[in-house]
Amino acid sequence: MSPDGPLERVSTGHLPDDATVTTLLQAAYALHRDVRDGHVATYIPQLARADPGWCAASVVSVTGRSFDVGDSDERFSIQSVSKPFVLALVIEALGADRARELLGANATGLPFDSVTAVEVHDHRTMNAMVNAGAIAASSLLQEVARVSPGTSVPDTEAAWASARDGLSAFAGRRLEVDDDVYACESETNLRNRGIAHLLRSYGRIHCEPEVAVDLYTRQCSLAVDVHDLGVMAATLADGGVNPVTGERVVSDGTCARVLAAMATAGLYELSGDWLWEVGLPGKSGVSGAVLTVAPGKGGLAAWSPPLDAAGNSVRGQLVTRSLSRALGLNVFASNPDPHDVPP
Ligand code: GLN
């Protein structure tokens, strides 16, 4: 079976058997691991140290079967792949309608760190997959802490604990901040601080701007490996239940809204191209991760540091596209009904 097969392959139930998934994952990885396009991010100095040759991928089914290939033991900072999970926690705390009102659900068509996007759109934050909306989402983490069991004072540290514990529940293990990435990004994140203050001027941020950016920078600095991201994606694919730990992390309705946000803007201004090629909600981050969800079937994660001009991993996108096609995961693909069953 070719890993770059035609779109017509359509899967209606679960992922195929273990041997088939293993073969397709290895084939997709082998096909793209030597691609040389793209550049490692340098605007966060710690990320510039990444080996451009690193490449790994993971598939985790909604039944908890998991498959890893490549440099799957390497850890990296989660960066923007944290955004859908913080959005999920905010939706759980505030409800989907209020979260949409405060954060937005529409595309900017502009880069993830665009200041212009805040200025030209009356909504300002636009969506929680770009930095403006994500920093606004982090500014609501005290509201998440307020409804978390065991929180007496929903201060900054309680807000951070809610984020870290929430993302850890998605991953099924306790995630820790990479202190070097956090320190280095805190020194260089002037643009994000500018966005936060600008949002504050429009009344679109809900705690002190510097606190919001600090929480956002911490969440971006959490260290993960590709398997963690596979499990996190599978939890979104499984209606909010982590298929490995069995824990319900968020509701099925929350997952559906998060996947809508990912489909709209998960790969920023190239999200339309991504949907065209892959047909699944995805989320990228500047460390080179791409997390993708096949609703009801499983999660895919691919990681390789060299990025395209929008900040999306080149090999990560190619490996995911091959897997989506080979496994028949495109949610827009259908075959004509054979009409052999009476209506
Ligand atoms: N922490 C990074 C930033 O805010 C995340 C961006 C990304 O992964 N696209 O610039």
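All of these numbers come straight from a predicted model, not from anything done at the bench. Whatever order the structure lists ligands and atoms in, that order sets their numbers, starting from 1. Values below: every heavy atom of this structure, side chains too, minus hydrogens, waters and symmetry copies.
- Ring geometry for Phe76 against Trp303 counts as parallel: the plane angle stays under 30°, on a 0 to 90° scale with 60° as the upper cut.
- The closest side-chain donor-acceptor pair between Thr254 and Ser251 falls under 3.5 angstrom.
- The residues lining ligand 1, counting any heavy atom closer than 4.0 Å, are Tyr43, Gln79, Ser80, Phe112, Asn131, Glu185, Asn192, Tyr216, Cys220, Tyr268, Gly285, Val286.
- With salt bridges taken as basic N to acidic carboxylate O contacts below 4.0 Å, none links Asp178 and Arg75.
- Heavy-atom contacts from other residues, nucleotides or ligands closer than 6.0 Å to NE2 of His197 number more than 12.
- Arg218 has a carboxylate O that lies under 4.0 Å from a charged side-chain N of Glu157, or vice versa, which qualifies the two as a salt bridge.
- Atom CZ of Arg100 has 12 or fewer neighbouring heavy atoms from other residues, nucleotides or ligands inside a 6.0 Å radius.
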